[in-house]
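Chain letters run A, B, ... following the sequence lines, proteins first and then strands; every chain starts at 1. Since the model is a prediction, treat every value here as computed from it, not as a measurement.
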2 protein chains.
Amino acid sequence: MPKVETFDKELVLKKATYVFHNKGFNATSMQDLVDATALNRSSIYNSFGSKLDLFLECLKSYENIYTIKICETLHKADNSLHAIELLFEFYINEIINDKDGKGCLVVNCASEMANQEQSLTNFLCSNQDSFIELLEGLVLKGQEESTINLKRTSKEYAFYLLSSIRGLRTTGILISNKKDLQTIAKTIIQTLI
Amino acid sequence: MPKVETFDKELVLKKATYVFHNKGFNATSMQDLVDATALNRSSIYNSFGSKLDLFLECLKSYENIYTIKICETLHKADNSLHAIELLFEFYINEIINDKDGKGCLVVNCASEMANQEQSLTNFLCSNQDSFIELLEGLVLKGQEESTINLKRTSKEYAFYLLSSIRGLRTTGILISNKKDLQTIAKTIIQTLI
DNA sequence: ATATATTTGGAACGTTCATTTCAAATAAAA
DNA sequence: TTTTATTTGAAATGAACGTTCCAAATATAT
């Protein structure tokens, strides 16, 4: 019976995500989103609810896209240590290709709003938990196959890697020299060997 | 001849800094600053210029306060490695005592606005340069006194530490468990020994 | 005491904000 | 073809935004 949603939701989310990523949540206006998505105000509100709701959907979409990219990256590895090396290489390329110096949407979101909006904190915590889980599994496998040392538990190394990756992402906002970033990454990984 | 500025500029900056730190630049309104400082709108504009100007002054004030705190911390150390350990301990305590989960004002500022406002980028770069200089000197001294290894140059380790500290600060927004943070710090420092 | 440069208080500025409203357009189902 | 649920466009909402303005208050220097 009804007229059906005509726009490509994935594409709209991608465009909205770019704006949020570039300007941050608070500096992004509804007008910015209308301009970027070429959707009408009403359509945005109809389809997504509020600005915050849309932002949350963008975060989830961003998370999904990255999860896929990361899985693809990890599959190319011979062993777990190599996988972690590829993971850092992946992030360095993300930084290099980020010409606007936007940083990571999720990390930025934590900086800007983690202590202000519970719904975001919930997202960020669950995002963190899944990432820790991924890293812990990776390290554990590396320790089993003896490519990663046993000086610390897999969980401890997972936290270390999480923190290090966030640091690299943040540092990449101001430093986008590939050599410098690679040296940092090598130094981070050195600990595991 | 003139009536003279009556308020305590240092104190006003401290109060304004707290608001900016807690809510971020864009989410902070001029009304918030009026309320927090108990100054009149006109007085703020008269004394500081614009919201952005005031923010920049807050950043500088924040930077100065931290520079002093860090210098005091480093002075307590027996050697350079110990100094770095104390530095991490200092940051961990900052995180623990930050009950609102605000994170670091400077790191947050980079996330929120580094790619939007040149005046901030300038500040952030010069802030980064001084910090790199401090860390490099520390590592160099540690290498001379053989408390830090020579696997990498002092400059390389300085970048590594910079990135690691930022990571720790960002991670501390969501994780404020002291044990976890200490383990991360130990793992970071391990590389230098 | 008077003059003077500056700071204040409070209202007002025009703009932009997120969101709502509602009639017109639309496309599937009957 | 008519009905119907939904999406759309455009304008309007009131509140909040950063900033400005100006008269009144004030503290120093004369």
Rounded to the nearest 0.5 Å, what separation is found between the NZ atom of B:K15 and the CG atom of B:D32?
14.5 Å
Separation of B:D32 atom CG from D:dT19 atom C1', in whole Å?
16 Å
Five-pair end axes of the helix from C:dA1-D:dT30 to C:dA30-D:dT1, angle between them (10°)
0°
What's the closest nucleotide to the A:N46 side chain, out of D:dA12, D:dC17, D:dT7?
D:dT7
Go through D:dC21, D:dA10, D:dG18 for me and flag the one nearest to the A:S42 side chain.
D:dA10
In whole Å, what is the span from the CG atom of B:N26 to the P atom of D:dA16?
18 Å
Rounding to a whole Å, what distance do you find between A:L33:CG and C:dA18:C1'?
11 Å
Could you please name the option among D:dC17, C:dA18, D:dG18 that lies closest to any side-chain atom of A:R41?
C:dA18
Roughly how far, to the nearest 0.5 Å, is CD1 of B:I175 from CD of A:Q128?
4.0 Å
Establish, with yes or no, whether the OP1 or OP2 oxygen of C:dT8 is under 4.0 angstrom from a side-chain nitrogen or oxygen of B:S43.
yes
May I have the distance from B:D35 (atom CG) to C:dG9 (atom P), rounded to whole angstrom?
14 Å
Nearest to the side chain of A:N40, heavy atoms from C-beta on, is which of C:dC17, D:dC17, D:dG9?
D:dG9
From C:dG9, C:dA18, D:dT8, nucleotide with atom closest to A:S29 side chain
C:dA18
May I have the distance from B:Y45 (atom OH) to C:dG9 (atom P), rounded to whole angstrom?
16 Å
Among C:dG9, C:dA18, D:dT19, which nucleotide sits nearest the side chain of A:K51?
C:dA18
Between A:I44 (CD1) and C:dC17 (C1'), how many Å, whole number?
14 Å
Please determine, for the side chain of A:S50, which listed nucleotide (C:dT19, D:dT8, D:dT19) has the closest atom?
C:dT19
When A:M30 and B:L39 are each assigned the nearest nucleotide of DNA chain C, the 5'-most assignment goes to B:L39
Cation over ring face, B:K51 and B:F25, 6.0 Å, 45°:
yes
Once you round it to whole Å, what is the distance between P of C:dT19 and CZ of A:F48?
14 Å
Stacked cation flag B:K60 on B:F123, 6.0 angstrom / 45 deg:
no
Residues in ring-ring contact (aromatic ring centres under 6.0 Å, His included) with B:Y91, at least two apart?
none
Side chains of A:Y18 and A:D100: do they bring a donor and an acceptor to under 3.5 Å?
yes
Going by distance alone, is a donor N or O of one side chain under 3.5 Å from an acceptor N or O of the other, for A:N40 and A:Y45?
no
